[in-house]
Amino acid sequence: TFPMKLWLLVNSPCVDSVRWDARGEGLVIDQGLFERELLGVRPSAAEEEELFKTKNFGSIVRQLNLYGFHKLAASPTSCAVGSRPRPATAGGDTSYADGPLHHFWNPHFRFDRPDLLVKIRRLTKANKEKLDAGLEVTSRLPDDLQ
């Protein structure tokens, strides 16, 4: 699922474009680097398997929104990122930034709580009706995270 892909990317030592924010409660995406690293906006991408079915960053943002992620205003402390959460630096370490930085938050996407991923559901019409009725909408956690 899309949330599981995000979880694997943000925790991968091989991915530089998607990081946890300083508190481990949000996702910071370096758009320029993300487009080259994961969307294949580069010549050599033809041989590699596609992770996402799009090359358009706007489509990724739409998916984030459909799964309940909210865009936060980028601030120096929110952009003090690393592959693991760490205390924010005084000036905000954005030296790695290759393009616009996008900070997203979802209450169920946290560094220390992979068990919460089951609560992240695509906001379909049926799921929205369930949520509006006060019902819980969950998905099954993949076997490797149970």
Side-chain angles (χ1 to χ4, degrees), residues 1-75 77-86 88 92-94 96-146:
T1 67
F2 184 78
M4 179 53 62
K5 283 182 186 179
L6 287 177
W7 180 264
L8 294 173
L9 290 173
V10 76
N11 288 302
S12 171
C14 301
V15 174
D16 294 323
S17 59
V18 183
R19 310 249 180 108
W20 288 108
D21 65 11
R23 293 175 19 194
E25 296 176 354
L27 194 60
V28 178
I29 301 174
D30 179 331
Q31 181 178 341
L33 188 55
F34 187 92
E35 287 173 340
R36 285 193 311 280
E37 188 175 53
L38 300 170
L39 297 183
V41 183
R42 61 184 194 278
S44 65
E47 312 90 48
E48 298 174 17
E49 182 181 331
E50 289 184 358
L51 184 62
F52 299 104
K53 295 177 182 173
T54 183
K55 295 192 182 309
N56 184 337
F57 187 74
S59 296
I60 299 299
V61 173
R62 190 171 76 245
Q63 286 295 308
L64 285 161
N65 292 329
L66 282 171
Y67 281 93
F69 285 82
H70 302 281
K71 187 167 183 177
L72 303 176
S75 69
T77 55
S78 71
C79 294
V81 297
S83 57
R84 298 260 182 255
R86 59 182 171 79
D93 177 16
T94 58
Y96 77 94
D98 201 14
L101 294 177
H102 302 277
H103 189 190
F104 291 94
W105 176 83
N106 181 307
H108 304 300
F109 197 85
R110 293 182 33 191
F111 172 75
D112 58 346
R113 296 291 307 274
D115 56 300
L116 293 178
L117 288 173
V118 297
K119 294 180 178 272
I120 301 176
R121 294 288 302 192
R122 187 179 168 109
L123 295 178
T124 62
K125 184 178 178 185
N127 285 347
K128 185 170 179 357
E129 288 171 358
K130 286 179 184 176
L131 291 170
D132 290 344
L135 300 173
E136 188 172 343
V137 178
T138 60
S139 61
R140 195 172 80 76
L141 194 63
D143 293 335
D144 58 347
L145 286 180
Q146 286 184 352

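All heavy atoms count here, side chains included; hydrogens, waters and symmetry mates do not. Not measured: the values here are computed from a predicted model.
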Practice item. Could you grab the distance from atom OH of Tyr67 to atom CD1 of Ile120, nearest 0.5 Å is fine? Key: 10.0 Å

**Study point:** Ring centers of His102, Phe34 separated by less than 6.0 Å
**Key:** no

**Study point:** Heavy-atom check, side chain of Phe111 versus side chain of Val10, under 4.5 Å
**Key:** no

Exercise for review: Return the minimal non-hydrogen interatomic distance between Asp16 and Arg19, and the atom names on each side.
Suggested key: O-NE, 3.1 Å

Review point. To the nearest 0.5 Å, what is the distance between CG (Leu66) and CZ (Phe2)?
Key: 9.0 Å

Review point. Is there a side-chain contact between Leu38 and Val18, using heavy atoms and a 4.5 Å cut-off?
Key: yes

**Study point:** Any donor-acceptor pair under 3.5 Å from Glu37 side chain to Ser17 backbone
**Key:** yes

Review point. Do the side chains of Ile60 and Gln63 get nearer than 4.5 Å, heavy atoms only?
Key: no

Exercise for review: Could you tell me if the ring centre of Phe109 sits under 6.0 Å from that of Trp7?
Suggested key: yes

Practice item. Evaluate the criterion side chain to side chain contact (heavy atoms under 4.5 Å, CB included) for residue pair Leu117 and Met4; output intermediate values, then yes/no. Key: CA-CA 7 Å; Leu117 288 173; Met4 179 53 62; 3.7 Å; yes

Exercise for review: Considering non-hydrogen atoms only, spot the tightest contact between Pro100 and Gly32 and give its length.
Suggested key: CD-N, 4.5 Å

Review point. Step by step, would you call Val28 with Phe104 a side chain to side chain contact (heavy atoms under 4.5 Å, CB included)?
Key: CA-CA 6 Å; Val28 178; Phe104 291 94; over 6 Å; no

Review point. Between the main-chain N or O of Pro107 and the side-chain N or O of Arg110, is there a donor-acceptor pair closer than 3.5 Å?
Key: no

Check your understanding: If you measure from CZ on Arg121 to OG1 on Thr1, what distance do you get to the nearest 0.5 Å?
Key -> 9.0 Å

**Study point:** Heavy-atom side-chain proximity of Trp20 to Asn11 below 4.5 angstrom
**Key:** yes

Exercise for review: Nearest 0.5 Å please: distance from the SG atom of Cys14 over to the CG atom of Leu8.
Suggested key: 12.0 Å

Point to revise | SB check Arg23 Asp21 (cutoff 4.0 Å) | key: no

Study note, to complete from the structure: CZ of Arg113 to CD of Glu25, rounded to nearest 0.5 Å, is 11.5 Å

Exercise for review: Apply the test side chain to side chain contact (heavy atoms under 4.5 Å, CB included) to residues Leu6 and Leu64: give CA-CA distance (whole Å), side-chain angles for both, the deciding distance (0.1 Å), then the verdict.
Suggested key: CA-CA 9 Å; Leu6 287 177; Leu64 285 161; 3.4 Å; yes

Check your understanding: Are any of the side-chain heavy atoms of Trp105 and Leu27 separated by less than 4.5 Å?
Key -> no

**Study point:** CZ-NE2 distance between Phe69 and His103, expressed to the nearest 0.5 angstrom
**Key:** 11.0 Å

